[in-house]
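Structure, as structure tokens:
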Amino acid sequence: MGKVFAVAGKGGTGKTTVCALMVRHLLKTGQKPILAVDADPNSSLGESLGIDITTTIGDMREDFFQNKASVPSGMSKENYLDMQLQQAVLESSGFDMIVMGRQEGSGCYCFINNVTRKYTEELAGNYKNVVIDNEAGMEHLSRRTAHKVDSLWLVTDYALRGLRAVERIKILAKSLDLKVKEMGLIVNRAPETLDPAFVQEMEKIGLPLLGTIPPDPALSEFDLAQRSLLELPDDSPAILAMNSIIQKTEKAE
């Protein structure tokens with residue numbers, strides 16, 4: 001498997017935007033192929049990347065659970081489900097994407113979840129880079145959707161509530177004993193100079209600050225126009241900030 005980047009944070013802090021900017025950077029620098037994984041139930045990464053979401057793994061899992069009798073004669077349930085899951089891979093220029101979708105409903109999903117986990121791990125092995133947009137609870141990471149995480153980026157906006165959510169996620173990651181090589185903080189929609197009180201709260205959490213992303217009007221404009229963030233101009237403040245963050249992390253390796 002190539003490098004695995006995972007992003008988590010409180011809803012509304014901009015973690016999906018960070019994921020989209022990361023995918024853009026990897027594409028621009030030729031670090032392909034890339035697998036983008038939307039593991040957030042809100043499933044908005046596709047919109048940010050200009051992908052029309054037609055199916056999710058959650059939908060296929062639910063359909064399989066309700067229609068087990070449709071498995072062709074002579075084919076095992078595992079092979080049939082694996083074949084179905086392959087249809088959940090959405091292909092684009094330079095990257096593919098899978099959307100995890102909703103969590104399981106009622107009933108026993110142990111077998112289906114094990115096959116799904118095995119499939120996504122094998123799939124990720126075909127890519128140079130994997131970018132995972134997680135919900136705050138990191139449900140899919142806790143279930144070992146990926147064998148390991150090279151970089152776990154915790155995103156907060158310029159608010160103490162976002163920072164406190166980051167602290168809880170950090171504690172959760174340690175309690176789950178995730179295989180994370182490095183963990184760092186990104187402050188989104190940040191002013192040029194951070195308030196001392198905010199800096200003090202950051203220091204209490206004890207995470208290295210990877211960088212800040214300033215407010216960028218282009219992000220709102222692209223959202224309203226339903227345009228992919230992959231089309232952002234190279235001189236966009238958000239793009240320049242993300243390039244700086246990635247270069248900083250690469251130098252630290």
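All of these numbers come straight from a predicted model, not from anything done at the bench.
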ring-ring contact (aromatic ring centres under 6.0 Å, His included): which pairs involve [range], sequence neighbours left out?
| range | result |
| --- | --- |
| residues 160-196 | none |
| residues 11-37 | none |
| residues 202-227 | none |

Just jot down the side-chain hydrogen bond (donor to acceptor under 3.5 Å, both in side chains) partners of [X], sequence neighbours excluded, or say none.
| X | answer |
| --- | --- |
| Thr29 | Gln31 |
| Asp96 | Tyr127 |
| Ser175 | none |
| Lys174 | none |

Q. Do NZ/NE/NH1/NH2 and the carboxylate oxygens of Asp150 and Lys3 come within less than 4.0 Å?
A. no
Run the side-chain donor-acceptor check on residues 190-209: report pairs under 3.5 Å with partners two or more places apart or on a different chain.
| unit_1 | atom_1 | unit_2 | atom_2 | d |
| --- | --- | --- | --- | --- |
| Asp195 | OD1 | Ala197 | N | 2.8 |
| Glu201 | OE2 | Lys204 | NZ | 3.3 |

For [X], enumerate each residue passing the side chain to side chain contact (heavy atoms under 4.5 Å, CB included) test, keeping only those at least two apart in sequence or located in another chain.
| X | value |
| --- | --- |
| Ser220 | none |
| Arg168 | Arg164, Ala165 |
| Ile53 | Ile51, Thr56, Leu90, Met97, Val99 |

May I have the list of side-chain donor-acceptor pairs in residues 226-238 shorter than 3.5 Å, sequence neighbours left out?
| unit_1 | atom_1 | unit_2 | atom_2 | d |
| --- | --- | --- | --- | --- |
| Arg227 | NE | Glu231 | OE1 | 3.1 |
| Arg227 | NH2 | Glu231 | OE1 | 3.2 |
| Ser228 | OG | Leu49 | O | 3.4 |
| Ser228 | OG | Leu230 | N | 3.0 |
| Asp234 | OD1 | Arg24 | NH2 | 2.7 |
| Ser236 | OG | Asp216 | OD2 | 2.4 |
| Ser236 | OG | Ala238 | N | 3.4 |

